[in-house]
A.B. asks: 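Take this structure, written in structure tokens, and hold onto it; I'll ask about it next.
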Amino acid sequence: MYLLQLFTVLYIASSALATEEDVLELGDSDFDSKLAEHETALVMFYAPWCGHCKRLKPEYAKAAEDLIRNDPPVALVKVDCTEAGKETCNKNSVNGYPTLKIFRNGEYSQDYNGPREANGIVKYMKSQVGPASRELKAIADLEKLLSGEKESVVVGFFEKESDLKAAFLQLANKLREKVQFAHSSFKEVLDKQGLSDGVVLFRPAHLKNKFEPESVTYSGSAETADLNDFVTKNFHGLVGVRKTDNQREFNKPLVIVYYGVDYVKNPKGTNYWRNRVLKVAKGFEGKVNFAIAANDEFTHELNEFGIEFAQSDKPRVAARDSNDKKYVLREEFSVDALEAFVNDLLDGNLEAYIKSEPIPETQEGPVTVAVARNFDDTVINNGKDTLIEFYAPWCGHCKKLAPTFDELAEKLKDEDVAIVKMDATANDVTAPFDVRGFPTLYWAPKDKKDSPVRYDGGREINDFINYIAKEATNELKGWDRSGNPKPDKTEL
């Protein structure tokens with residue numbers, strides 16, 4: 001008990017030390033000499049006026065506080081390319097801001113291609129130093145490791161070489177950028193844990209609770225795949241702390257509780273609400289995944305659920321089922337309300353939330369306007385081949401395409417083809433359509449709406465006509481299959 005309390009105190013104390021002073025500011029006069037003092041360093045080449053740099057700097061500083069205390073330590077360095085570091089930036093081929101590069105013993109090693117949030121930077125850079133699994137030579141080494149980690153740690157205890165140890169080291173190498181691994185073969189460490197050939201996942205001390213054990217011992221086979229499943233299943237516990245850098249690790253169905261999650265400034269308040277979520281999650285173990293998330297870190301996601309961000313003492317709850325449909329708890333948060341919400345989610349008794357503009361009262365212009373609430377009517381069940389554009393109002397390429405799309409719709413108004421557009425920033429886009437940029441266009445044949453094809457052809461009127469003439473379910477009235485106008489369409 002005392003040891004865990006000590007770990008918690010150490011964790012909170014170290015978290016409070018975040019400061020810009022942990023980032024080294026170097027320039028032309030000392031870059032080479034100072035950098036050579038560090039075995040591994042991450043260097044941010046920046047410009048003070050750069051907006052991306054300004055957004056990165058606080059995350060960079062947070063990462064520095066962890067990495068400078070890592071074993072072995074990683075130095076985080078910044079160089080101002082507009083003032084004292086102009087020559088250094090030129091020498092290192094810096095052509096944009098911010099540019100991040102990894103150096104080893106003062107020599108360039110590789111470009112940094114990892115995350116740009118504090119946790120992601122820490123994980124990525126820890127994976128760049130030392131072995132995939134640290135060797136623990138004494139109990140003090142284990143205690144130091146557990147007190148310094150903010151996420152679960154996987155530790156192997158091996159008296160001698162074994163199939164399990166081989167699988168463990170193989171997995172450590174595979175997951176080195178995501179999970180902290182360590183191992184020991186020293187008698188006092190093995191005796192302390194009571195294992196001679198085993199693997200234990202230790203949860204961080206600041207997440208200690210009465211609903212789940214502080215550590216979980218692996219009991220499966222000596223296969224890397226099985227061990228991987230064990231780590232994946234247990235890493236985040238009953239209620240994980242979801243962040244921007246790990247959000248893809250939480251599988252659906254997923255219930256997310258948003259509030260002021262902050263283990264640096266308010267660990268007690270954060271765990272006050274997490275414990276209430278844990279009480280509910282315990283009853284749905286294996287059926288639904290749970291997570292807590294900082295509302296100010298996921299304002300965009302809250303907007304996707306129709307939840308306006310506001311600083312509030314009470315959490316807000318949203319969920320996605322296994323089909324990625326969205327649901328929102330409308331009642332004020334309580335243990336009973338959360339439990340009832342999850343039961344209704346599993347029983348299919350909830351109405352899915354759909355982000356949608358109002359259905360247009362009239363269709364003005366040649367292109368049909370779809371919104372999420374009438375998408376099935378205007379696209380899926382319209383009985384026509386359909387070319388649909390998913391656009392964003394601010395997108396320059398979309399604005400350029402608009403008059404061509406209008407002209408196309410006008411030319412095809414008498415054909416068995418629908419030309420449709422939808423603002424994908426104001427309306428939910430559902431599978432099988434997948435929008436990752438603007439504009440995104442799909443061709444959906446009338447008898448195959450479940451398998452639309454992404455349109456990647458030209459954007460001129462003849463490009464569209466030729467494509468549609470070839471792909472239409474039934475030959476167009478005004479064009480042959482090659483896109484040539486029929487006699488009464490010579491005006492094209």
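This one's a predicted model, so the numbers in the text were calculated from it and none came from an experiment.
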A.B. asks: Is the side chain of N246 donor-acceptor paired with the backbone N or O of V241 at a distance under 3.5 Å, no angle test?
C.D. replies: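 Pair found, side chain donor or acceptor close to backbone of V241.
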
A.B. asks: Looking at CG of L100 and CD of Q110, how far apart are the two atoms once the value is rounded to the nearest 0.5 Å?
C.D. replies: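 The CD atom of Q110 is 12.0 Å from CG of L100, to the nearest 0.5 Å.
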
A.B. asks: Kindly indicate, with the supporting measurements, whether the criterion salt bridge (Lys or Arg N to Asp or Glu O under 4.0 Å) is fulfilled by D324 and K252.
C.D. replies: CA-CA 7 Å; D324 208 33; K252 306 177 188 72; 3.6 Å; yes

A.B. asks: Mind jotting down which residue pairs meet the salt bridge (Lys or Arg N to Asp or Glu O under 4.0 Å) criterion with at least one end in residues 152-168? Sequence neighbours excluded, please.
C.D. replies: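 Those involving residues 152-168 are E161-K165.
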
A.B. asks: Ignoring hydrogens and angles, write down the donor-acceptor pairs under 3.5 Å from the side chains of residues 428-439, residues two or more places apart or on other chains.
C.D. replies:
unit_1, atom_1, unit_2, atom_2, d
D428, OD1, K326, NZ, 2.8
D428, OD2, K326, NZ, 2.9
D428, OD2, K355, N, 2.9
D434, OD2, R436, NE, 3.1

A.B. asks: Taking only Lys NZ, Arg NE, NH1 and NH2, and the carboxylate oxygens of Asp or Glu, determine whether K62 and E65 approach each other closer than 4.0 Å.
C.D. replies: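 The answer is no: the pair does not qualify as a salt bridge.
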
A.B. asks: Could you tell me if the side chain of L195 sits less than 4.5 Å from the side chain of V200, heavy atoms only?
C.D. replies: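 SC-SC contact between V200 and L195 confirmed.
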
A.B. asks: Within this structure, what is the OG-CZ distance for the pair S356 and R373, rounded to the nearest 0.5 Å?
C.D. replies: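 The CZ atom of R373 is 5.5 Å from OG of S356, to the nearest 0.5 Å.
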
A.B. asks: Dump the intermediate steps for side-chain contact (heavy atoms from CB on, under 4.5 Å) on E214 and F202, then the final yes or no.
C.D. replies: CA-CA 6 Å; E214 297 158 27; F202 292 92; over 6 Å; no

A.B. asks: Using a strict cut-off of less than 4.0 Å between a Lys/Arg side-chain nitrogen and an Asp/Glu carboxylate oxygen, indicate whether D191 and K187 qualify as a salt bridge.
C.D. replies: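 Salt bridge present between D191 and K187.
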
A.B. asks: Name the orientation class of the two ring planes belonging to F31 and F45 (parallel below 30°, tilted from 30 to 60°, perpendicular beyond 60°).
C.D. replies: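 Answer is tilted, since the angle falls between 30° and 60°.
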
A.B. asks: Would you give the length of the straight line joining atom CG of L190 to atom CG of D197, rounded to the nearest 0.5 angstrom?
C.D. replies: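 So the gap between those two atoms works out to 9.0 Å.
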
A.B. asks: Sequence neighbours left out, cut at 3.5 Å: what donor-acceptor pairs do the side chains of residues 330-341 make with other protein atoms?
C.D. replies:
unit_1, atom_1, unit_2, atom_2, d
E332, OE2, K314, NZ, 2.8
S334, OG, A337, N, 3.0

A.B. asks: Mind checking whether D423 and P393 have side chains closer than 4.5 Å, heavy atoms only?
C.D. replies: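 Yes - at least one pair of side-chain heavy atoms lies under 4.5 Å apart.
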
A.B. asks: Please answer whether the main-chain N or O of L207 pairs with a side-chain N or O of N209 as donor and acceptor at a distance below 3.5 Å.
C.D. replies: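 It does hold such a pair.
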
A.B. asks: Run the side-chain hydrogen bond (donor to acceptor under 3.5 Å, both in side chains) test against E151 and tell me which residues pass, sequence neighbours left out.
C.D. replies: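 Per chain and number, E151 pairs via side-chain hydrogen bond (donor to acceptor under 3.5 Å, both in side chains) with K123.
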
A.B. asks: Can you sort out the partners of R274 under side-chain hydrogen bond (donor to acceptor under 3.5 Å, both in side chains), two or more places apart, ordered by chain and number?
C.D. replies: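 R274 satisfies side-chain hydrogen bond (donor to acceptor under 3.5 Å, both in side chains) with no other residue.
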
A.B. asks: Supply the atom-to-atom distance K268 NZ to Y263 OH, rounded to the nearest 0.5 angstrom.
C.D. replies: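 Atom-to-atom, K268:NZ and Y263:OH are 14.0 Å apart.
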
A.B. asks: I would like to know whether Y218 and F168 meet side-chain contact (heavy atoms from CB on, under 4.5 Å); could you show each step before the answer?
C.D. replies: CA-CA 11 Å; Y218 178 63; F168 173 87; over 6 Å; no

A.B. asks: Is there side-chain contact between H206 and P267, with at least one heavy-atom pair below 4.5 Å?
C.D. replies: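 No; the side chains remain at least 4.5 Å from each other.
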
A.B. asks: With no hydrogens and no angle check, is any side-chain donor or acceptor of D28 less than 3.5 Å from a backbone partner on T88?
C.D. replies: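 Yes, the answer is positive, given that a donor and an acceptor are paired below the 3.5 Å cut-off.
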
A.B. asks: Would you mind listing every disulfide bond (SG atoms under 2.5 Å apart) that reaches into residues 253-283, with sequence neighbours excluded?
C.D. replies: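 Of all non-adjacent pairs touching residues 253-283, none passes disulfide bond (SG atoms under 2.5 Å apart).
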
A.B. asks: Between the side chain of N70 and the main-chain N/O of P72, is any donor-acceptor distance below 3.5 Å?
C.D. replies: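 Checked: pair present.
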
A.B. asks: Would a distance-only check, ignoring hydrogens and angles, find a side-chain to backbone donor-acceptor pair under 3.5 Å from R242 to A293?
C.D. replies: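 Side chain of R242 to backbone of A293: no pair is present.
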
A.B. asks: Could you state the interatomic distance from CE (M125) to OG1 (T40), rounded to the nearest 0.5 Å?
C.D. replies: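 Reported value, rounded in 0.5 Å steps: 6.5 Å.
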
A.B. asks: Between F250 and F290, is the gap from one ring center to the other below 6.0 Å?
C.D. replies: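 They do not qualify: ring centres at least 6.0 Å apart.
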
A.B. asks: Salt bridge (Lys or Arg N to Asp or Glu O under 4.0 Å) with R203: which residues, sequence neighbours excluded?
C.D. replies: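 Expected list: E212.
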
A.B. asks: side-chain contact (heavy atoms from CB on, under 4.5 Å), that's the test. Do T217 and V199 meet it? Break it down for me.
C.D. replies: CA-CA 6 Å; T217 301; V199 176; over 6 Å; no

A.B. asks: Hey, could you give me each pair passing disulfide bond (SG atoms under 2.5 Å apart) that has a residue in residues 70-119? Not counting sequence neighbours.
C.D. replies: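 Sorted result for residues 70-119: C81-C89.
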
A.B. asks: Looking only at atom types and distance, does a side-chain atom of N266 sit under 3.5 Å from a main-chain N or O of G269, one as donor and one as acceptor?
C.D. replies: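 Pair found, side chain donor or acceptor close to backbone of G269.
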
A.B. asks: Looking only at side-chain N and O atoms, does Y258 offer a donor or acceptor that is under 3.5 Å from a partner on R316?
C.D. replies: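 On atom types as modelled, these side chains do not qualify, holding no pair under 3.5 Å.
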
A.B. asks: Considering all heavy atoms of both residues, which atom of P315 and which atom of V257 are nearest to each other, and what is their separation?
C.D. replies: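 Result for this residue pair: CB-CG1, 3.4 Å.
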
A.B. asks: Is there a donor-acceptor pair closer than 3.5 Å between any side-chain N or O of E59 and the backbone N or O of L56?
C.D. replies: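 Checked: no pair found.
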
A.B. asks: Should K126 and D66 be marked as a salt bridge (Lys or Arg N to Asp or Glu O under 4.0 Å) after you check the CA-CA gap, both sets of side-chain angles, and the distance that decides it?
C.D. replies: CA-CA 10 Å; K126 281 186 175 182; D66 279 349; 5.9 Å; no

A.B. asks: Using atom types as modelled, flag every donor-acceptor pair under 3.5 Å from a side chain in residues 132-141 to any protein atom, sequence neighbours excluded.
C.D. replies:
unit_1, atom_1, unit_2, atom_2, d
S133, OG, A182, N, 3.4
S133, OG, H183, N, 3.4
S133, OG, H183, ND1, 2.7
D141, OD2, K137, N, 2.9
D141, OD2, A138, N, 3.2

A.B. asks: Sequence neighbours left out, what pairs pass salt bridge (Lys or Arg N to Asp or Glu O under 4.0 Å) with at least one residue falling in residues 29-56?
C.D. replies: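 Checked against salt bridge (Lys or Arg N to Asp or Glu O under 4.0 Å) - neighbours excluded - the pairs reaching residues 29-56 are D32-K91.
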
A.B. asks: Taking atom CD of E351 as the centre, does the number of heavy atoms from other residues, nucleotides or ligands within less than 6.0 Å exceed 12?
C.D. replies: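 Counting neighbours around CD of E351, 12 or fewer heavy atoms of other residues, nucleotides or ligands fall under 6.0 Å, so no.
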
A.B. asks: Please determine if R276 forms a cation-pi arrangement with Y272, meaning its NZ or CZ atom is less than 6.0 Å from the six-membered ring centre and no more than 45° off the ring axis.
C.D. replies: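 Yes, a cation-pi geometry holds between R276 and Y272.
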
A.B. asks: Report the C-alpha separation of E285 and L238 in whole Å, then their side-chain angles, then the decisive distance to 0.1 Å, and conclude whether the side-chain contact (heavy atoms from CB on, under 4.5 Å) test is met.
C.D. replies: CA-CA 7 Å; E285 192 170 1; L238 277 176; 3.7 Å; yes

A.B. asks: What is the distance from atom CG of N289 to atom CZ of F284, rounded to the nearest 0.5 Å?
C.D. replies: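 So the gap between those two atoms works out to 13.0 Å.
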
A.B. asks: Less than 4.5 Å apart, any side-chain heavy atom of F181 and any of L171?
C.D. replies: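 Yes - at least one pair of side-chain heavy atoms lies under 4.5 Å apart.
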
A.B. asks: Is D22 reaching over with its side chain to a backbone N or O of A64, donor-acceptor style, under 3.5 angstrom?
C.D. replies: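 No, the answer is negative, given that no donor and acceptor are paired below the 3.5 Å cut-off.
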
A.B. asks: Near E87 CD, under 6.0 Å, is it more than 12 heavy atoms from other residues, nucleotides or ligands?
C.D. replies: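 For E87, atom CD is not crowded (no more than 12 foreign heavy atoms under 6.0 Å).
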
A.B. asks: Determine whether the aromatic ring centres of Y327 and F305 lie less than 6.0 Å apart.
C.D. replies: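 No, the ring centres sit 6.0 Å or more apart.
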
A.B. asks: Do Q128 and R104 have side-chain atoms, one donor and one acceptor, less than 3.5 Å apart?
C.D. replies: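 Yes - a donor-acceptor pair under 3.5 Å links their side chains.
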
A.B. asks: Could you tell me whether the side chain of Y259 and the main chain of T270 form a donor-acceptor pair under 3.5 Å?
C.D. replies: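 Yes, because the side chain of Y259 sits within donor-acceptor range (under 3.5 Å) of the backbone of T270.
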
A.B. asks: Under the salt bridge (Lys or Arg N to Asp or Glu O under 4.0 Å) rule, what pairs show up with a residue in residues 107-117, not counting sequence neighbours?
C.D. replies: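 Only K101-D111 qualify under salt bridge (Lys or Arg N to Asp or Glu O under 4.0 Å).
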
A.B. asks: Any non-hydrogen side-chain atom of V328 less than 4.5 Å from a side-chain atom of V317?
C.D. replies: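 Counting from C-beta outward, V328 and V317 never come under 4.5 Å.
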
A.B. asks: Taking only residues two or more places apart in sequence or in another chain, which ones pass salt bridge (Lys or Arg N to Asp or Glu O under 4.0 Å) with D229?
C.D. replies: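 Result, salt bridge (Lys or Arg N to Asp or Glu O under 4.0 Å) vs D229: none returned.
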
A.B. asks: Determine whether the aromatic ring centres of residues Y97 and Y46 are separated by less than 6.0 angstrom.
C.D. replies: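 That pair fails the under 6.0 Å test.
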
A.B. asks: Using modelled atom types and a 3.5 Å cut-off, is there a donor and acceptor pairing between side-chain atoms of S109 and backbone atoms of I102?
C.D. replies: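 A pair under 3.5 Å: no.
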
